[in-house]
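These notes are about the structure you will find just below.
Residue numbers start at 1 and run along the sequence shown. All values below were derived from every heavy atom in this structure, side-chain atoms included, with hydrogens, water molecules and symmetry-related copies excluded.
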Amino acid sequence: LARSLRPFADPPVRAEPPSSLQLHRPDYDSPNVPSVVFKTAGLIGDCDCAAPEVQVALAGTAAPAWTAAGGRCTMLGAPSCSFPWMQPDTAYRARARVRCATEGLTSDWLEAEGPIVTLAGCRWSGHSGRPTELQCVDGTFCDFGFGACCNDRGGGLRC
């Protein structure tokens with residue numbers, strides 16, 4: 001009897017990819033690190049042990065070496081996760097999918113729309129645009145020879 005019913009069984013249904021994926025770059029005033037925000041479509045089909053899989057890679061490479069994000073990025077229902085290990089002043093891209101215990105039911109990848117460039121290692125890494133002056137946080141400029149003048153102007157912004 002089981003053999004006669006087998007041909008009429010519906011094929012397994014694959015999970016759907018996340019419905020959206022965005023890379024976010026914090027600004028210098030934010031304590032956050034680069035992060036990704038994703039939404040799962042909610043349709044996991046016949047997938048067992050469904051979990052998001054988020055990967056990042058250097059942008060602009062022909063054959064990117066994708067690195068799994070791990071942590072909160074593997075929790076179904078977690079709307080975002082962060083990447084504290086990203087290098088400063090570097091372009092990254094991201095992709096995500098819903099991973100299943102049975103690989104054949106895992107969703108296709110959804111790639112983020114565009115890469116982000118992480119912030120420079122510190123505010124001082126940006127150029128002031130003037131060869132012999134520092135730019136202070138309040139927007140004023142000081143001569144390199146007297147860099148302490150920015151102390152009363154919110155600190156140094158660019159050199």
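- A chain of hydrophobic side-chain contacts below 4.5 Å, direct or via other Ile, Leu, Val, Met, Phe, Trp or Tyr residues, connects L23 to L21.
- When every heavy atom of S19 is checked against every heavy atom of L110, the shortest pair comes out as C-CD2, 4.1 Å.
- With rounding to the nearest 0.5 angstrom, the CD1 atom of I44 is 10.5 Å from the CG atom of L105.
- Considering every non-hydrogen atom in both A68 and Q55, the closest pair reads CA-CG, 4.0 Å.
- Using modelled atom types, one side-chain atom of D46 and one backbone atom of V13 make a donor-acceptor pair closer than 3.5 Å.
- In terms of heavy atoms, A57 sits closest to P64 at CB-CB, 3.6 Å.
- For the pair R14 and D108, the salt-bridge criterion is met [side-chain N within less than 4.0 Å of a carboxylate O].
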In sequence, state the C-alpha distance, the side-chain angles, and the governing distance for C142 and C136, and then conclude on side chain to side chain contact (heavy atoms under 4.5 Å, CB included).
-> CA-CA 7 Å; C142 293; C136 304; 3.6 Å; yes

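- Salt-bridge annotation for E53 and R99: present, with a side-chain N of the basic residue lying under 4.0 Å from a carboxylate O of the acidic one.
- Of the charged side-chain nitrogens involved, at least one lies within less than 4.0 Å of a carboxylate oxygen, so that R97 and E103 count as a salt-bridged pair.
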Applying side chain to side chain contact (heavy atoms under 4.5 Å, CB included), run through E113 and Q22 and close with a yes or a no.
-> CA-CA 7 Å; E113 204 165 293; Q22 296 177 330; over 6 Å; no

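- Nearest heavy atoms, C100 versus A15: SG-CB, 4.0 Å.
- If you chain together hydrophobic residues whose side chains sit under 4.5 Å apart, L58 and I116 fall into the same group.
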